[in-house]
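Contents: one structure, followed by commentary.
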2 protein chains.
Amino acid sequence: MVTVTATQGNASLAKMLHILELFSEAEPVWSTAAILEALETSRSTGYRYIKTLHEAGLLNAVRNGYYTLGPRIIEMDLQIRLTDPLLLASHGVLEGLVDRIGHSALLCTAFRDAVLCVGECRAPSSPENRFSRGQRRPLFQGAVSKVILAHLPHHRLKAVYARQREEIEKAGLGSTWSAFRATLGEMKKDGYALTVGEFNPGVYSVAAPILTDQKTALGSVGVAWDENERRDVAVEHAVLAVKQAAKTISERLKEAQGS
Amino acid sequence: MVTVTATQGNASLAKMLHILELFSEAEPVWSTAAILEALETSRSTGYRYIKTLHEAGLLNAVRNGYYTLGPRIIEMDLQIRLTDPLLLASHGVLEGLVDRIGHSALLCTAFRDAVLCVGECRAPSSPENRFSRGQRRPLFQGAVSKVILAHLPHHRLKAVYARQREEIEKAGLGSTWSAFRATLGEMKKDGYALTVGEFNPGVYSVAAPILTDQKTALGSVGVAWDENERRDVAVEHAVLAVKQAAKTISERLKEAQGS
DNA sequence: GAAAGATATCCCGCTATTTGGGATATAGTC
DNA sequence: GACTATATCCCAAATAGCGGGATATCTTTC
């Protein structure tokens, strides 16, 4: 677990928010006692934090003294779904991709030093997978991630490299800054990324960047399919379709920006 | 807008969280300046709050000095979707309802003095409506709400009545506590609620409660259709199907509880 | 329906923490 | 690579949160 770094001065604020980080798929329900222990604070303070979060709707009391993440989160996610320009601009496009390629499509965006899936459209045949909205993915594996990485703004990229030099080398993206930039430059020139079995074994993935006017990435669109699935889809065809989809979304975003 | 009541002692904590309440469908993007003004606090403090929320991922920096709700919310919503017992227990059931009735189905739960939609399954013909996951609905209008209200635990109901006496009377649920209880008792006996055009004009709605062992509501399932849509579905049929669905979900929850 | 057992809130002096105004550093723009 | 706007840092003062214990509220049990 990554501890949220409270820069200075507002330790209690960050500490309170840290409670939200405790909840996971494996441990979705926390007792007050467990929260208090995890916080390493006095009973009073812990209860106060819990109460505040509860009043804000970010925590939900289930049975006696047990909490889960709260309903306000569900509400706020809807608020985002209704207003996120990226998501709105992709309406219909993902569906179109699925129709054309026959495999599941994904919409992603950068989040910290990772990539977050914000939209998806599953192919009819496709099994329930782990690529739903809200899924976090590593920044250095998989086509949707790599293609975003390649189109990150200058300084963002530099900051990422400083923090993740080791991971970047491990992912085979270059052992020096210039090698790293060269690898990404190649991808940038192609305008798409293709990976095989990086994030999930045996899974093909093709992705293209959604770009601003300044040619930096707002996100990416991609399709993925298992190597054991029907292979009659030419990779080139997928590349074209994905690039087309990305372009459509990019242009819609520019329009929305203008209005 | 309902101001979150900070009980005591932790005003700054609540104030920070209040920033999240600023964002709405109508105003999804806020400038730092506007946030600072809304907070009525010093520049330093406001920036600190924003920074803390930003570090927690609850705020997202878009362009220079402008924020939207952050990606962590999307992640946490997934975390809830993957673990919420109510939602998990309803998997397949909503789809079954839609197949049987031919109209859109809804899964709801109580939240503060309102009802929150947490799941939906739209009928193929059904238009994009406003009943998605995350939508808040009044507690005193519409079948899904009323049926939850009728099965609220004793003290919850009393508290609600104290706060919302006026609204309750306006909704025709009774002008005294005993009349209110009588109205709800009727509904409780029936085991379902039927409303016509309460929340949305011209919309029929049938709902049944999802109950615990103690016969208090964890939520409700319902179906809704426009009066102008195909009317060949007998209301009685819908009632039976909805009650059946609610029963199935209730039983699944008990099983899950036990294991 | 009333009592026992938990769970959460309140009280209030103390002191650590946040506060806030201005200077400074960073990021984004041209 | 220089400029403007945005965000962070610095530090003294004091406010507002902290914590230990008592109390109130809710839940369960008989």
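These values consider heavy atoms only, across backbone and side chains, with no hydrogens, waters or symmetry-generated copies. In this text the structure is predicted, and so the values were computed from the model without any measurement.
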Without placing hydrogens or testing angles, list every side-chain donor-acceptor pair under 3.5 Å for residues 142-152 of chain A, not counting sequence neighbours.
residue  : atom : partner  : partner atom : Å
A:Ser145 : OG   : A:Pro138 : O            : 2.7
A:Ser145 : OG   : A:Gln141 : O            : 3.4
A:Lys146 : NZ   : A:Glu198 : OE1          : 3.2
A:Lys146 : NZ   : A:Glu198 : OE2          : 2.6
A:His151 : ND1  : A:Val147 : O            : 2.9

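Listed nucleotides C:dT19, D:dT8, C:dT9 differ in distance to A:Tyr47; the shortest reach to its side chain belongs to C:dT9. For B:Asn64, counting side-chain heavy atoms from C-beta on, the closest listed nucleotide (C:dC10, D:dC18, C:dT29) is C:dT29.
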So if I define the base as every atom that isn't primed, P, OP1 or OP2, how would nucleotides 20-26 of chain C read as a B/S/- string at a heavy-atom cutoff under 4.0 Å? BBB----
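At whole-Å resolution of the value, CD1 in B:Ile50 and P in C:dT19 are 13 Å apart. Atom CZ in A:Arg156 sits about 18 Å away from atom C1' in C:dT29, given to the nearest Å. D:dT8 atom P lies 10 Å from atom CG of A:Asn10, rounded to whole Å. Between the CE atom of B:Met16 and the C1' atom of C:dT19 there is a distance of 15 Å, rounded to whole Å. Between the CG atom of B:Leu39 and the P atom of C:dT18 there is a distance of 17 Å, given to the nearest Å. Across the protein-nucleic acid pair, A:Lys158 atom NZ and C:dA27 atom C1' stand 12 Å apart, rounded to whole Å. Taking atom CG of B:Leu59 as the reference point, atom C1' of D:dA7 lies 14 Å away to the nearest angstrom. To the nearest angstrom, P of C:dA6 lies 16 Å from CZ of A:Arg63.
When the side-chain nitrogen and oxygen atoms of A:Thr32 are compared with OP1 and OP2 of C:dT7, none of them lie within a distance under 4.0 Å. Distances shown here put a side-chain N or O of A:Lys51 below 4.0 Å from the OP1 or OP2 atom of C:dC10. Phosphate contact (OP1/OP2 of D:dT8, side-chain N/O of B:Tyr49, threshold under 4.0 Å): absent.
A donor-acceptor pair is defined here as one N or O able to donate and one able to accept, closer than 3.5 Å; no such pair exists between the side chain of A:Gln135 and the backbone of A:Cys117.
With respect to B:Leu69, the side-chain contact (heavy atoms from CB on, under 4.5 Å) criterion is satisfied by exactly one of B:Asn60, B:Leu20, B:Val29: B:Leu20.
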Report the C-alpha separation of A:Leu157 and A:Phe180 in whole Å, then their side-chain angles, then the decisive distance to 0.1 Å, and conclude whether the side chain to side chain contact (heavy atoms under 4.5 Å, CB included) test is met. CA-CA 10 Å; A:Leu157 199 62; A:Phe180 180 50; 4.1 Å; yes
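Between B:Trp30 and B:Tyr66, the ring center distance fails the sub-6.0 Å criterion.
Around NZ of A:Lys243, the count of heavy atoms belonging to other residues, nucleotides or ligands within 6.0 Å exceeds 12.
Using a 4.0 Å cut-off between a side-chain N of Lys or Arg and a carboxylate O of Asp or Glu, A:Asp77 and B:Arg133 do not qualify as a salt bridge.
Nucleic acid contact class of A:Tyr66 (heavy atoms, under 4.0 Å, all strands): none.
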